[in-house]
Amino acid sequence: MRLGRDFFERDVLLCARELIGCEMVLGECRGRIVETEAYAELGDEACHTFMRESTRQFIANHSAGTAYVYQNYGIHWLFNVLTKGPSGNGFVLVRALAPLEGIVTMRRRRGVDGEKNLCSGPGKLTVAMGFGREFHGKDICQPGGVELVFGKGEVESDVRIGISRAKEKPWRFLERASPWVSVKPKKTGATS
DNA sequence: ACACGGATACTA
DNA sequence: AGTATCCGTGTC
């Protein structure tokens, strides 16, 4: 069952947590989401909205469930989903997948053998799945492009990875004991 | 450990 | 214009 707009019209922390266990489908490739991070429009210095007017405009001009895709370090495309909840707006960064289908294609795109290294990072999974800048601004609640399918997972939380500000927020969510995540959690938080 | 790479937002 | 920074990866 494809996630509808109502799923993303909730608090970003809830969306990020509940996306663990859901599946991401694009073309022939499919994977289970095992790692996400939440970024809040307000009160979160690590969110792009803290520095970028263009990101604040993106939120104003798009609805919940829209893909926010941007390039980091001039190399890596990172895939986020816009959320708009009653307590504020935000983005969920998808950081790792457990590959389920289209693994031959993923290997070809990534240029590696094995499976553990295919989607174990936000930049890796966009290559494996075939995401590029053309997905920026696309509505993922509509048929035709990337699809997120509801699923359940056991969740643990940890601090976010690779940021320089607001490092203390425990806003990274992972499938418990998953071998598919980018970095194993150090401080393990509450389960769900 | 470090190089790689480009968009964005600053300073002047 | 130039500079600093950035939600990373692969290879050294």
Side-chain angles (χ1 to χ4, degrees), chain A residues 8 11-17 19-20 24 31 33-62 66-83 88-99 106-138 140 146 148 155-175 178-187 189:
Chain A
F8 301 101
D11 187 80
V12 66
L13 290 178
L14 194 56
C15 291
R17 172 177 288 277
L19 277 173
I20 300 298
M24 172 177 276
I33 299 173
V34 298
E35 182 179 348
T36 62
E37 281 178 359
Y39 291 84
E41 178 185 19
L42 303 176
D44 179 8
E45 296 195 354
C47 187
H48 280 181
T49 51
F50 185 71
M51 287 298 296
R52 298 189 183 186
E53 173 62 23
S54 57
T55 303
R56 296 190 284 269
Q57 282 301 314
F58 182 90
I59 292 176
N61 294 328
H62 294 83
T66 302
Y68 177 85
V69 179
Y70 84 101
Q71 194 183 36
N72 198 22
Y73 296 107
I75 306 168
H76 311 292
W77 293 99
L78 273 57
F79 182 86
N80 302 254
V81 183
L82 174 61
T83 66
N89 308 318
F91 295 97
V92 177
L93 169 68
V94 180
R95 286 192 55 92
L97 305 173
M106 291 182 181
R107 281 205 189 101
R108 173 172 49 76
R109 288 174 175 153
R110 289 269 296 121
V112 298
D113 297 328
E115 296 186 11
K116 297 286 284 294
N117 201 27
L118 285 180
C119 301
S120 57
K124 297 178 189 176
L125 74 88
T126 55
V127 171
M129 294 290 289
F131 285 116
R133 72 186 327 151
E134 68 274 17
F135 286 83
H136 186 58
K138 278 203 176 176
I140 67 168
V146 55
L148 294 183
V155 181
E156 57 187 332
S157 59
D158 192 24
V159 292
R160 295 178 291 186
I161 297 282
I163 54 175
S164 61
R165 295 184 295 260
K167 290 178 168 175
E168 75 290 349
K169 295 183 190 295
W171 287 3
R172 185 164 74 113
F173 300 96
L174 309 99
E175 182 177 70
S178 174
W180 305 104
V181 301
S182 65
V183 178
K184 301 248 164 109
K186 303 206 162 133
K187 310 176 202 170

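The chains referred to below are lettered A, B, ... by the order of the sequence lines, with proteins before strands, and numbering in each begins at 1. All values below come from the heavy atoms of this structure, side chains included, with hydrogens, waters and symmetry mates left out.
Without hydrogens or angle criteria, Arg172(A) side chain to Glu35(A) main chain gives no donor-acceptor distance under 3.5 Å.
Nucleic acid contact class of Tyr39(A) (heavy atoms, under 4.0 Å, all strands): base. As judged by a 4.0 angstrom heavy-atom cut-off over every strand, Arg160(A) is placed among residues making no nucleic acid contact. Base engagement by Leu93(A) is indicated by at least one non-hydrogen atom pair under 4.0 Å involving a base atom. Across all strands, Ser182(A) comes closer than 4.0 Å to no nucleic acid atom at all (heavy-atom distances). Arg110(A) comes within 4.0 angstrom of the backbone, heavy atoms only, and of no base.
The residue among Asn117(A) and Glu37(A) whose nearest nucleotide of DNA chain C is located toward the 5' end is Glu37(A). Nearest-nucleotide positions on DNA chain B place Arg133(A) closer to the 5' end than the other of Arg56(A) and Arg133(A).
What you find for Phe135(A) and Gly130(A) is that their closest heavy atoms are CE1-O, 3.8 Å.
Of the N and O atoms on the side chains of Ser120(A) and Lys116(A), not one donor lies less than 3.5 Å from an acceptor on the other residue. A donor and an acceptor atom, one from each side chain of Tyr68(A) and Thr55(A), are located under 3.5 Å apart.
Of the nucleotides present, dC10(B) is the one that pairs with dG2(C) by Watson-Crick or G-U wobble criteria, both distances under 3.5 Å. The partner of dC7(C), taking Watson-Crick or G-U wobble pairs whose two distances both stay under 3.5 Å, does not exist in any strand shown.
Contact annotation: Arg95(A) reaches the phosphate of dG8(C) (side-chain N/O to OP1 or OP2, under 4.0 Å). The side chain of Ser54(A) places no N or O atom within less than 4.0 Å of a non-bridging phosphate oxygen (OP1 or OP2) of dT8(B). Side-chain nitrogen and oxygen atoms of His48(A) include at least one within less than 4.0 Å of the OP1 or OP2 phosphate oxygen of dC7(C). For the pair Arg165(A) and dC6(C), the criterion of a side-chain N or O lying under 4.0 Å from OP1 or OP2 is met.
Counting only heavy atoms from C-beta on, His76(A) has its side chain closest to dG8(C) among dG6(B), dC7(C), dG8(C). Comparing dC6(C), dA7(B), dA9(B) by their nearest atom to the side chain of Arg52(A) picks out dA9(B). Nearest nucleotide to the side chain of Ser164(A), out of dA7(B), dC6(C), dG5(B): dC6(C). With dG8(C), dA9(B), dG10(C) as the candidates, the nucleotide lying closest to the side chain of Glu53(A) is dA9(B). Candidate nucleotides dG8(C), dC6(C), dT9(C) were compared by shortest atom distance to the side chain of Lys124(A), and dT9(C) ranks first.
Taking the six-membered ring where the residue is Trp, the centroids of His48(A) and Tyr70(A) are separated by under 6.0 Å.
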